[in-house]
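I have placed the structure first, in the form of structure tokens, so that the comments after it can refer back to it.
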Protein chains: 2
Amino acid sequence: MGRDTEGTGTLGKAMAVLEVVAMAERPQRFTDILMALRQPRGTLHRLLGHLVEEGLLVQRPDLSYEPGLRLLKFAYRSWSGNRFREIAAPYLLKLHQLTGETVHLGVLRETEIIYVDKVESQQTVRMSSQIGKASPAYCTGIGKAALSVLPSSELQRISARMEFRPFTPKTHRSAETLYAEIAEIRHDGHAFDREEHEAEICCVAAPISVPDHDLIGGISVTGPSYRVSLAQLTAWAQDVRKAAADIEEELRIRSGPGRETGGETPRVRSDAQRPR
Amino acid sequence: MGRDTEGTGTLGKAMAVLEVVAMAERPQRFTDILMALRQPRGTLHRLLGHLVEEGLLVQRPDLSYEPGLRLLKFAYRSWSGNRFREIAAPYLLKLHQLTGETVHLGVLRETEIIYVDKVESQQTVRMSSQIGKASPAYCTGIGKAALSVLPSSELQRISARMEFRPFTPKTHRSAETLYAEIAEIRHDGHAFDREEHEAEICCVAAPISVPDHDLIGGISVTGPSYRVSLAQLTAWAQDVRKAAADIEEELRIRSGPGRETGGETPRVRSDAQRPR
DNA sequence: CAGGCTTGTTCCAGTATATGGAACTATGTT
DNA sequence: AACATAGTTCCATATACTGGAACAAGCCTG
């Protein structure tokens with residue numbers, strides 16, 4: 001063990017706590033977090049105190065913890081200033097008009113897909129139902145599409161961390177079957193979700209990859225099985241691929257030499273050397 | 001100096017970095033952050049590396065930094081599971097139907113109001129335009145309303161940190177004039193924003209305070225000056241106050257003995273003793 | 001195109017700060 | 001009343017953060 005020595009010290013631990021609290025359905029008590037993280041009591045206690053003081057967590061009267069609002073503030077800028085989202089938006093809309101179904105934009109982060117934007121019919125939904133929601137990559141269309149464009153070493157590393165929880169009867173249960181499907185996806189250029197995450201829900205997705213930005217994600221068209229057949233999804237596949245390719249290209253253009261939305265003189269070095 | 005010794009150590013510094021990057025209009029470069037925080041180069045460099053590794057920041061090809069998506073993921077739960085928002089939602093809607101104008105729900109955090117929800121006419125807006133947005137408390141309706149229910153020691157502490165940036169000709173420029181208005185607000189039970197933050201925009205607001213949750217915020221009805229007169233706002237004031245009072249009461253009921261949305265057995269102690 | 005300037009990266013000794021085991025207090029259970 | 005459970009505090013120790021200073025690399029400017 002001790003292979004990947006969380007190089008981020010205190011910060012890493014703090015984020016691990018946030019992760020536990022934010023991903024839990026209900027407010028977490030001290031002991032819940034303690035057991036989830038297996039940190040020493042003293043350490044965790046101090047850490048929680050700090051997180052509360054920083055406004056990242058809030059402690060309720062019954063002493064349990066839930067995510068604090070400061071996170072919302074941070075996320076606002078993270079979302080509203082996101083160029084990926086801005087650039088993709090019109091293409092999402094176009095896809096929605098073409099298909100009449102819900103369109104998602106998502107980004108791969110470790111083993112998860114984080115949904116960044118969404119276009120759906122009934123615009124009654126606010127904070128668009130699941131912007132910011134994270135779903136496992138191995139059982140979602142965008143997730144598998146994104147995985148398919150990963151260098152195989154990365155795919156290896158990431159899939160090693162997956163849990164393969166069986167959400168439906170059709171969910172992948174091991175890396176092996178996932179790899180097999182990813183091989184297909186690499187060939188086809190698009191991925192399906194055949195009710196693997198939620199029953200009665202399926203989608204087609206295509207990957208978007210911009211190495212310069214370390215950005216890997218994708219877009220998808222999603223619908224209920226009773227209305228959207230696999231044949232229908234297959235028919236849409238090329239449109240989805242086209243949209244993905246267009247977004248990818250525009251991102252490349254508008255980031256490299258570009259100015260525009262915070263273009264800034266690109267002082268590219270011989271090789272990307274980030275803090276390590 | 002050195003009065004309030006940021007008790008949160010490493011975490012505090014990391015959040016200060018996030019704050020700088022998230023609040024800046026454009027991506028921040030190393031030196032920008034360096035000057036904003038006046039931390040030693042080595043320290044900051046390592047910290048940025050950690051933040052990137054954790055996905056809280058993203059480094060662009062030109063080496064500048066912008067907020068990472070992981071923040072969006074955290075915020076999703078922070079918002080979707082927020083009881084304050086859930087409970088207030090129907091009252092916001094009612095106020096909107098009554099007035100026809102935009103209704104906001106906000107929470108006070110230090111010197112800022114963070115907007116948590118919003119109801120407006122044209123529901124075309126997604127991620128509702130400014131959910132998660134933070135505005136200064138001293139020049140917004142909800143902000144001043146919230147400040148008015150603070151114990152005066154707290155008001156003192158918080159207002160000492162304010163910057164009193166003059167957004168419009170009518171913005172408060174010092175704590176003195178603000179205090180004077182707050183005295184009025186305490187008496188009336190509601191606050192106005194008379195084009196103090198944005199020209200041509202005004203609002204009425206009422207405070208919401210639930211000490212058990214350390215929750216102080218408010219709701220407001222906002223409109224453009226050409227359509228909404230001060231007299232009109234004054235007429236709405238009692239409705240806003242009523243809504244605020246109703247929300248406050250429901251929060252008290254549903255949190256104390258309540259079960260419901262993660263009610264949990266309230267193990268209230270002799271005195272609230274949080275980690276310090 | 002050489003010299004100065006700005007920006008970002010790396011190194012390392014010193015020490016402040018986080019660590020974590022263990023004892024303690026408070027609350028609820030048998 | 002004794003036990004069990006949940007949360008809080010304490011403190012010697014060492015790890016991980018600190019921050020000055022040197023280094024590397026792009027960028028002017030004369």
Side-chain angles (χ1 to χ4, degrees), chain A residues 2 4-17 20-21 24 26-54 57-66 257 264-276, chain B residues 2 5-17 20-21 26-54 57-66 257 264-276:
Chain A
D4 49 355
T5 321
E6 303 270 18
T8 52
T10 309
L11 184 65
K13 280 184 186 127
M15 290 308 119
V17 172
V20 167
V21 175
R26 319 178 337 93
Q28 296 291 97
R29 286 163 317 164
F30 182 83
T31 313
D32 299 329
I33 306 171
L34 188 70
M35 293 193 309
L37 293 179
R38 308 203 162 284
Q39 291 276 331
R41 303 167 83 80
T43 303
L44 181 61
H45 193 262
R46 178 177 33 76
L47 200 43
L48 284 169
H50 286 172
L51 285 163
V52 168
E53 196 171 338
E54 285 293 334
L57 288 182
V58 171
Q59 190 170 29
R60 315 188 345 155
D62 70 344
L63 303 184
S64 64
Y65 297 88
E66 55 188 9
E264 196 68 336
T265 322
R267 319 170 48 255
V268 185
R269 307 250 176 140
S270 40
D271 190 18
Q273 37 184 296
R274 59 185 48 190
R276 244 275 105 192
Chain B
T5 321
E6 303 270 18
T8 52
T10 309
L11 184 65
K13 279 183 187 130
M15 290 307 119
V17 172
V20 168
V21 175
R26 322 182 330 97
Q28 296 291 98
R29 285 164 317 165
F30 183 85
T31 313
D32 298 329
I33 306 171
L34 188 70
M35 293 193 308
L37 294 179
R38 307 203 162 283
Q39 291 275 332
R41 303 168 83 81
T43 302
L44 181 62
H45 194 260
R46 178 179 33 76
L47 198 44
L48 285 169
H50 286 173
L51 285 164
V52 168
E53 196 171 337
E54 285 293 333
L57 288 182
V58 171
Q59 190 170 30
R60 315 188 344 155
D62 70 345
L63 302 185
S64 64
Y65 298 89
E66 55 188 8
E264 197 67 336
T265 323
R267 318 172 49 257
V268 186
R269 307 255 176 134
S270 40
D271 190 19
Q273 36 185 297
R274 60 184 50 188
R276 247 270 110 188

**Q.** Nearest heavy-atom neighbours spanning B:Thr43 and B:Gln39
**A.**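 Between these two residues, the closest heavy atoms are CG2-OE1, 3.9 Å.
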Return the value, rounded to whole Å, for the distance between atom [atom1] of [X] and atom [atom2] of [N].
X       : N      : atom1 : atom2 : value
A:Leu47 : D:dG7  : CG    : P     : 16 Å
A:Ile33 : D:dA6  : CD1   : P     : 13 Å
A:Leu48 : D:dT9  : CG    : P     : 13 Å
A:Gln28 : D:dA6  : CD    : C1'   : 15 Å
B:Leu11 : D:dA16 : CG    : P     : 17 Å
A:Leu34 : C:dG21 : CG    : C1'   : 13 Å
A:Gln59 : D:dT8  : CD    : P     : 6 Å
A:Leu37 : C:dT19 : CG    : C1'   : 15 Å

Q. Between A:Phe30 and A:Leu44, is any pair of side-chain heavy atoms under 4.5 Å apart?
A.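 Yes, at least one pair of side-chain atoms sits under 4.5 Å.
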Q: Compare all side-chain heavy atoms of A:Leu11 with those of B:Leu11 and state whether any distance is below 4.5 angstrom.
A: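 With C-beta onward as the side chain, the pair touches.
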Q. Considering only heavy atoms and no angle criterion, is a donor-acceptor pair shorter than 3.5 Å present between the side chain of A:Arg41 and the base of D:dT8?
A.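 Under the 3.5 Å cut-off, the side chain and the base do form a donor-acceptor pair.
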Q: May I ask you to say what B:Thr43 touches in the nucleic acid, namely base, sugar-phosphate or nothing, with a heavy-atom cut-off under 4.0 Å?
A: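 Base: the residue B:Thr43, judged by heavy atoms under 4.0 Å, touches a nucleobase.
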Q: Return no unless some side-chain N or O of B:Lys13 is found under 4.0 Å from OP1 or OP2 of D:dC17.
A: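 No, because none of the side-chain N or O atoms of B:Lys13 sits under 4.0 Å from OP1 or OP2 of D:dC17.
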Q) So does B:Thr10 get a side-chain nitrogen or oxygen closer than 4.0 Å to the phosphate oxygens (OP1/OP2) of C:dT17? A)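 Negative; the distance criterion is not met.
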Q. Given B:Tyr65 and B:Asp32, is the side-chain contact (heavy atoms from CB on, under 4.5 Å) satisfied, shown in steps?
A. CA-CA 10 Å; B:Tyr65 298 89; B:Asp32 298 329; over 6 Å; no
Which nucleotide wins on minimum distance to the side chain of [X], given the candidates [options]?
X       : options              : result
B:Leu63 : D:dT8, C:dT9, C:dA18 : C:dT9
A:Thr31 : D:dT18, C:dT7, D:dG7 : D:dG7
B:His45 : C:dT9, D:dT9, D:dG19 : C:dT9

Q | B:Thr8 and A:Glu54 side chains, donor-acceptor separation under 3.5 Å | A |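 Yes, B:Thr8 and A:Glu54 have a side-chain donor paired with an acceptor closer than 3.5 Å.
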